[in-house]
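Worksheet for the structure shown next.
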Amino acid sequence: MASERYNPRDAEPRWQKIWSEAKVFETDNADPREKYYVLEMFPYPSGRIHMGHVRNYAMGDVVARYKRARGYNVLHPMGWDAFGMPAENAARDNKVHPKEWTYQNIASMKAQLKAMGLSLDWSREFATCDVDYYHRQQHLFLDMMEKGLVYRKLSKVNWDPVDHTVLANEQVIDGRGWRSGALVEQRELVQWFFKITDFSQDLLDALDTLDQWPEKVRLMQKNWIGRSEGMTIRWELVAETVPAGQSEVTVYTTRPDTLFGASFLAIAADHPLAREAAAANPAIEAFADECRRHGTSLAALETAEKKGMDTGIRVRHPLDPSWELPVYIANFVLMDYGTGAIFGCPSGDQRDLDFARKYDLPVVPVVMPAGDDAGNFTIGDTAYDGDGVMINSRFLDGLSTEEAFETVARRLSETMLGNKPQGERKVNFRLRDWGISRQRYWGCPIPVIHCEVCGVVPVPKKDLPVRLPDDVTFDQPGNPLDRHATWRHVACPQCGGDARRETDTMDTFVDSSWYFTRFTAPWQDEPTDPKAANHWLPVDQYIGGIEHAILHLLYSRFFTRAMKETGHVEVKEPFKGLFTQGMVVHETYRRGSGPSGEWVAPADIRIEETDGRRRATLLATGEEIAIGSIEKMSKSKKNVVDPDDIIASYGADTARFFVLSDSPPDRDVIWSEAGVEGAHRFTQRLWRLISEAADNLKGVAPAPAREGEALAVSQIAHRTLKAVQDDYDKLSFNKAVARIYELVNALAAPLARVAAGEGDAVFRGAVREAAEILVQIVAPMTPHLAEECWAALGNGRMLAQAAWPRYDDALVVENEIMLPVQINGKKRAELTIARDAEQDAVQAAVLQLDAVRSALDGRQPKKIILVPQRIVNIVV
RNA sequence: GCGGACGUGGCGAAACUGGUAGACGCAAGGGACUUAAAAUCCCUCGACCUCGGUCAUGCGGGUUCGAUCCCCGCCGUCCGCACCA
């Protein structure tokens, strides 16, 4: 009898080797079975995996193994999101080349992932910094350029004057560069853009088709795209008030109905009219400069006072040319939304109201809530921005907001100013084009050449790839490609004259916008093999963190559309199913009291519970340590648990099982030592129960019992099988875990009886079948342990290649059911009765129950509610 | 400010489409085995009392035979966006 403890240190590497040698997880594109593509967001090779990776990849692996067992041809690949700034920072700080640093990190992380026993097709692995990959990305860029999906424009960037580099908005903290601490300047640089706004409407509309995405993510994308319906309205300038030649200004509004409430126009500091006014008046120029300086810093925006300055320019109201309004430059008007100019209606917009109070402009109420009395309706400190009835609006009076909108829209589109309509309906989006230029070394080079004579010339495809040079230095700030001695000097592909390479590289979000497509045929010379891509895409189940809800997922949706337009794929939505998993969180510990104490790692302390109070003490000294809040694992708070340590002491299966237990997968899971030990106890218990009975189960044909004492064994096995299947289909891993515990609890006694040599042939057959079902349904979560049990039962073929068991409906259905019996809505009794009993028979049986008879006390019930196979409620 | 989600025992959580609230796990308490410990096994475990009940799903109402679930109003926590005209 094999009753030793299960030893993952022995079993796990052994099975990993067996799987790998048999290539069981390598996927053939030509396999005729139905396809299933499961993908977890690929990692950045920082050097070590963390618990978040473990949870993410454990979930994906359960899906992959489950679907594989269900008979699908499963694609489950892995790669590396390998370009990016940390490699350059490491180069600068540690004098190691970004390439070397990155590939070393990949090697060690790959070893860690392998130790988890994931069912990945490693034959398709690539890193985005592989020349083979960015070569094809450059190819895609050129194709997109040809289709007009790429352009250059002068644009504002956050410039760090110390590091000589552009910073992303996230890298600007309180107006300062995150590394240098220098005050960030706004600079204008010519940058490359992808025309994602060409797809604004489609990206918005298609969200409705993504019914296997979380509602939350769809909503976030919807808000990010930010569609609004309104009008552009042209206002005639009063000629004698304008310093130079302009004759009109166009505003964008979503509320043309409130036009009679207008009391001023406000324009952005960068608006052409503002520039004109500034040129003629130093005071205006000074104010415009001040507005520009305050630009983007988030903190500044929050507290910034609404400020404006009258330009002296006047406009005529579009519905009454005799009505003149002032034009202000205002610090809250954005040049890059709408037209950079608005009309202010103080009664209908809080910000306009504040502005009007400050500069003493008229406040005319034009919309009042339906049912209010026009005589009494006034605006105090709060604007009314809801719908209602028009007042003080001449020919609009009495109309609803909506009717007024339509009336004004019609009137302005029919009125001419010069030879164009005065106003037009216009849909606006908040979504901006995607700026992809980065002044960095460690990214995909943008494959274009600048020629004095020919202008911007794309690199001919035959000259691809544009390789990153290896001999670069990081001892000075700025982009190493810019100061490389030779790399940037190149002959113009068109005229052959001296020309200059583009030294910008692409945003790393470009790399991650199509890697899932490349996985379908990573060996292909072209960016894709369209046949393979169209076969595999969309990804059936994509799993990753909610932090990518907008950027990565939106960019990927755009990029797939762009690849469709350039003929590389036929689909436009890359991810059919999306699941956003929660984080792994942990208690924090710090020395002393108060918020200044030094953080302490969980590995350095011991936790004890006495009299219901948990205390933490430092292992080394016994000093008491304060237990703090539960937070996302992070190095700075030292509340990290290294997956390697867990795998070394408990094994990968325990780690996988634990991160899937307890918490629903989209919520945070709290890592705790006690919880891990619980999971580990489970693995040991399962092994003990199976291995001790194994000798007496070998050679027994698995067969469900149809009657007698073993029937219950077969019933719970089949019922659990069905339930776990449903749970896996819904990614409800925590519920699957609970059901598997129930099954183990139920099988403990029968397995012990078999181990003791008891039970007849029918019983053993039923127990064997139940044990196999148990092992198979737990296998996606704890694959090594399951293989070990499977082998112990004498099964020759490896479990990874076994088909999923089938449940028998006859064993799932309950023949006798227990009906709760309520009296006046409170449970008073139970009735056990045949499942298919007639309603009359049920009612008769219920009325015979002692509890019912004493409650009725001879009277007739007022009402009897019989919900078949659910509940009975008697109203007395 | 706008938008969204969530709130159930000491803790993580279950509960189908409105139908037995608390499955399963953790922690805790008691017991068995043991020279002892570990491991393992068994029992108890929402609150209160008169042991039959009563009260319990953030709070207050409503709809219903019946509400964790639906509706209205509060309170709290978390997340996203944030001068978007």
If we take the [atom1] atom in both [N] and [M], what is their distance in whole Å?
{"N": "B/G19", "M": "B/C70", "atom1": "P", "result": "11 Å"}
{"N": "B/C45", "M": "B/A38", "atom1": "P", "result": "25 Å"}
{"N": "B/G62", "M": "B/A67", "atom1": "C1'", "result": "11 Å"}
{"N": "B/A15", "M": "B/A28", "atom1": "P", "result": "27 Å"}

Under a 3.5 Å distance rule, please check whether A/Asn428 uses its side chain to pair with a backbone N or O of A/Ser228 as donor and acceptor.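 Side chain of A/Asn428 to backbone of A/Ser228: no pair is present.
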
Less than 6.0 Å separating the ring centroids of A/Tyr328 and A/Phe355?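 Between A/Phe355 and A/Tyr328, which both carry aromatic rings, the centre distance is below 6.0 Å.
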
Which residue lies toward the 5' end of RNA chain B, A/Met220 or A/Thr253, if each is placed at its nearest nucleotide?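 The residue mapped nearer the 5' terminus is A/Met220.
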
Name the residue closer to the 5' end of RNA chain B, choosing between A/Arg828 and A/Ile550 according to the nucleotide with the nearest heavy atom.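 Going by which nucleotide is closer to the 5' end, it is A/Arg828.
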
Below the 4.0 Å mark, does [N] have OP1 or OP2 next to a side-chain nitrogen or oxygen of [X]?
{"X": "A/Lys632", "N": "B/C78", "result": "no"}
{"X": "A/Arg681", "N": "B/C26", "result": "yes"}
{"X": "A/Asn223", "N": "B/A82", "result": "no"}
{"X": "A/Arg667", "N": "B/A13", "result": "yes"}
{"X": "A/Arg430", "N": "B/A82", "result": "yes"}

Give me each pair satisfying side chain to side chain donor-acceptor pair (under 3.5 Å) with a member in residues 661-674 of chain A, each pair once, sequence neighbours excluded.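 Checked against side chain to side chain donor-acceptor pair (under 3.5 Å) - neighbours excluded - the pairs reaching residues 661-674 of chain A are A/Tyr650-A/Glu673.
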
Between [N] ([atom2]) and [X] ([atom1]): distance, integer Å:
{"X": "A/Phe264", "N": "B/A85", "atom1": "CZ", "atom2": "C1'", "value": "10 Å"}
{"X": "A/Asn331", "N": "B/A82", "atom1": "CG", "atom2": "C1'", "value": "16 Å"}
{"X": "A/Gln350", "N": "B/C83", "atom1": "CD", "atom2": "P", "value": "16 Å"}
{"X": "A/Lys222", "N": "B/G3", "atom1": "NZ", "atom2": "P", "value": "12 Å"}
{"X": "A/Ile233", "N": "B/A85", "atom1": "CD1", "atom2": "C1'", "value": "11 Å"}
{"X": "A/Lys306", "N": "B/C84", "atom1": "NZ", "atom2": "P", "value": "8 Å"}
{"X": "A/Asp257", "N": "B/A85", "atom1": "CG", "atom2": "P", "value": "13 Å"}
{"X": "A/Lys426", "N": "B/A85", "atom1": "NZ", "atom2": "C1'", "value": "14 Å"}

Would you compute the distance between atom CD1 of A/Ile777 and atom CZ of A/Arg739 and round it to the nearest 0.5 angstrom?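 The CD1 atom of A/Ile777 sits 10.5 Å away from the CZ atom of A/Arg739.
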
Hey, could you give me the OG1/CE distance between A/Thr654 and A/Met781, rounded to the nearest 0.5 Å?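 CE of A/Met781 is found 12.5 Å from OG1 of A/Thr654.
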
Is B/G31 in the syn range, within 90° of 0, or in the anti range?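 With its glycosidic angle more than 90° from zero, B/G31 counts as anti.
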
Near RNA chain B, under 4.0 Å by heavy atom, which residues of residues 653-663 of chain A?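 Nucleic-acid contacts, sorted: A/Asp662, A/Ser663.
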
Which residues within residues 332-341 of chain A lie with some heavy atom under 4.0 Å of an atom in RNA chain B?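 Only A/Phe332, A/Val333, A/Leu334, A/Tyr337 qualify.
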
Quick one, give me the B/S/- string for nucleotides 18-23 of chain B, reading 5' to 3', where B means a protein heavy atom under 4.0 Å from the base and S means that only happens at the primed atoms, P, OP1 or OP2. -BB--B

Tell me whether the rings of [X] and [Y] are parallel (<30°), tilted (30 to 60°) or perpendicular (>60°).
{"X": "A/Tyr728", "Y": "A/Phe733", "value": "tilted"}
{"X": "A/His317", "Y": "A/Phe260", "value": "parallel"}
{"X": "A/His548", "Y": "A/His552", "value": "perpendicular"}

Just to be sure I follow the notation: if a pair is Watson-Crick (purine N1 to pyrimidine N3 plus N6-O4 or O6-N4) or a G-U wobble (N1-O2 and O6-N3), each under 3.5 Å, what dot-bracket string does RNA chain B give, with | for pairs to another strand? (((((((..(((......[....))).(((((.......))))).((((..))))..(((((..]....))))))))))))....

NA contact type, A/Lys862, heavy-atom cut-off 4.0 Å: base, sugar-phosphate, or nothing?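 No contact at all - A/Lys862 keeps every heavy atom at 4.0 Å or more from the nucleic acid.
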
Heavy atoms only, 4.0 Å cut-off, all strands: where does A/Tyr741 land among base, sugar-phosphate and nothing?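 Sugar-phosphate only.
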
Do you know which two heavy atoms are closest between A/Leu204 and A/Lys222, and how far apart they sit?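 Smallest heavy-atom distance, with atoms named: CD1-CG, 3.6 Å.
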
Any side-chain donor paired with an acceptor under 3.5 Å for A/Asp729 and A/Gln725?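 No pair is found: no donor N or O on one side chain lies under 3.5 Å from an acceptor on the other.
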
Could you check if a side-chain atom of A/His271 sits within less than 4.5 angstrom of a side-chain atom of A/Val249, using non-hydrogen atoms only?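 A/His271 vs A/Val249: side chains touch.
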
Using a cutoff of under 3.5 Å, can you pull out all pairs of nitrogen or oxygen atoms linking the protein to nucleotides 62-64 of chain B, with atom names and distances?
none

For A/Met51 and A/Ile646, run side chain to side chain contact (heavy atoms under 4.5 Å, CB included): C-alpha distance rounded to whole Å, both residues' side-chain angles, the deciding distance at 0.1 Å, then the answer. CA-CA 10 Å; A/Met51 279 302 168; A/Ile646 299 301; 3.6 Å; yes

